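These notes are about the structure you will find just below.
Computed from a prediction, not measured in an experiment: that's the story for all the values here.
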There are 2 protein chains.
Amino acid sequence: MNKEKDSNTEEQILDAAKNVFQTKGMDGARMQEIADLAGINKAMLHYYYRSKQLLFEAVFKNAFSLLAPQLNKILNDDSSIEDKVKNFTSNYISFIIKHPYLPNFIIQELNRNPDFIIKIQENSSLLNIEKFKQQVELEVSKGILKPTKGDQLFINILALNIFPFVAKPLVKAFVKIDDEGFKQLMEQRKTDVSEFIINSIKQH
Amino acid sequence: MNKEKDSNTEEQILDAAKNVFQTKGMDGARMQEIADLAGINKAMLHYYYRSKQLLFEAVFKNAFSLLAPQLNKILNDDSSIEDKVKNFTSNYISFIIKHPYLPNFIIQELNRNPDFIIKIQENSSLLNIEKFKQQVELEVSKGILKPTKGDQLFINILALNIFPFVAKPLVKAFVKIDDEGFKQLMEQRKTDVSEFIINSIKQH
DNA sequence: ATTTAGTTTAACCATATGGTTAGCAAATAT
DNA sequence: ATATTTGCTAACCATATGGTTAAACTAAAT
């Protein structure tokens, strides 16, 4: 057996599957299209991944494992809330510009099958907002922040950063811009969003 | 012919189609499932709506026409930005609690087929952010608001209001709540979100 | 009573789709 | 040298799916 070629085929399949699943979703994806994109026989998909469901799960886990460390930064990091907001906003927007289909894919598929998140919750110590909430409480009591609820703040941070990418067609239509204009708008948000949040919660 | 019954069947189909399309999307929806839910023969779907695509479009247009007036309020209304933010936030969250699948459906399908929004743009005078932007500029120059970009503010308002519903499974997992807890969290946001926005942009 | 038009159903059709199988060719092990 | 395992392909299969059709039914119009 040729190890080089083995892993290569398997990777090519996963690559093609990422492409197709992330743009068309589980329901819209076709095994044949994945095979064509990978340049191999359809039977190979089943040879390496058994079923559409399992191939999809491989893609989904892969996608989530890319996103997880991004979210982890804001939850389990020791910098101040202000620094977290600034860093997360800038980093996350850069990250999504590199992986534009990720947030939409994850949100769409979680809505299609909410049980998915249970599996994720079991496997990863992620998705724990407690430390963040305590930190907000502490900074509120110290007078650094105005009275603020940790969970709502967290939702707001996610919303302001993720939403524009998820609703990209809507945003493009409202603001009347093309892809290039959208990219510029998102670049601007790297600083605008953190300012918007800090302005709102910081005690002055 | 029985007009009562006519429109009834047609409506029953549209109702069932709304249900199925809005929860499963175009790709995940099955004509047979829609027919079963409507309690009629599958051929009736084609009798009244010709094809899956046209039935879907009827559902989509219907959904968008529900959402449009909501967005219109914030774009073409004469109250102050502060009042707009307060009213929109409260009204929109109430609205979505009544139609929980709407935002997700629209966003998902616009991403699947971005051309859809072109048709919408042609037909409706909606989706024009100009008045809102001018109003922001005016209030900034009057010193009511801090320096603020109208388009970014509009995106932020949409993001903070819409995102939690679109990402509901994610939010539930992070905050560790069930459906009841989610509903309470959203009720709280009716005031929290507008405060969050006003705090950020109002000159003081 | 009969015609006419709209409505509904069961059966059917062509195609798409996820998945399987038999066999081949090359590499590896014996 | 031979047997065995592995990677791969072409052909195939069963079922699902969107869509069609011909005939039956209903109710109003003549």
Can you classify the ring geometry of B:Phe182 versus B:Phe165 as parallel (below 30°), tilted (30 to 60°) or perpendicular (above 60°)? perpendicular
Among the nucleotides D:dT17, C:dG19, D:dG7, which one has an atom lying closest to any side-chain atom of A:Tyr48? D:dG7
Between C:dG19, C:dT8, D:dC8, spot the one nearest the side chain of A:Lys52, thanks. C:dG19
With distance as the sole test, does B:Arg189 use its side chain to make a donor-acceptor pair with the main-chain N or O of B:Leu160 at under 3.5 Å? yes
Taking B:Gln108's backbone N and O only, do any of them form a donor-acceptor pair with A:Gln108's side chain (distance below 3.5 Å, no angle check)? no
Contacts satisfying ring-ring contact (aromatic ring centres under 6.0 Å, His included) that involve residues 18-37 of chain B (not counting sequence neighbours) are B:Phe21-B:Phe56
How close or far is atom [atom2] of [N] from atom [atom1] of [X], stated in whole angstroms?
X: B:Met31; N: D:dT17; atom1: CE; atom2: P; result: 12 Å
X: B:Leu45; N: C:dT7; atom1: CG; atom2: P; result: 15 Å
X: B:His46; N: C:dG6; atom1: NE2; atom2: C1'; result: 19 Å
X: B:Ile13; N: C:dT7; atom1: CD1; atom2: P; result: 11 Å
X: B:Gln32; N: C:dA10; atom1: CD; atom2: P; result: 11 Å

Is there a side-chain contact between [X] and the phosphate of [N], meaning an N or O under 4.0 Å from OP1 or OP2?
X: A:Tyr47; N: C:dT20; answer: no
X: A:Arg30; N: C:dA16; answer: no
X: A:Thr9; N: D:dG7; answer: no
X: A:Ser51; N: C:dG18; answer: no

Look at all strands and tell whether B:Ala35 reaches a base, only sugar-phosphate, or nothing, counting heavy atoms closer than 4.0 Å. nothing
Quick one, which residues of residues 37-44 of chain A touch DNA chain D with a heavy atom under 4.0 Å? A:Asn41, A:Ala43, A:Met44
What I want to check is whether the side chains of B:Gln152 and B:Asn156 have a donor and an acceptor closer together than 3.5 Å. no
Please list, one pair per line, the donor and acceptor atoms closer than 3.5 Å that link side chains of residues 92-100 of chain B to other protein atoms, with sequence neighbours excluded.
residue: B:Ser94; atom: OG; partner: B:Ser90; partner atom: O; Å: 3.1
residue: B:Ser94; atom: OG; partner: B:Lys190; partner atom: NZ; Å: 2.9

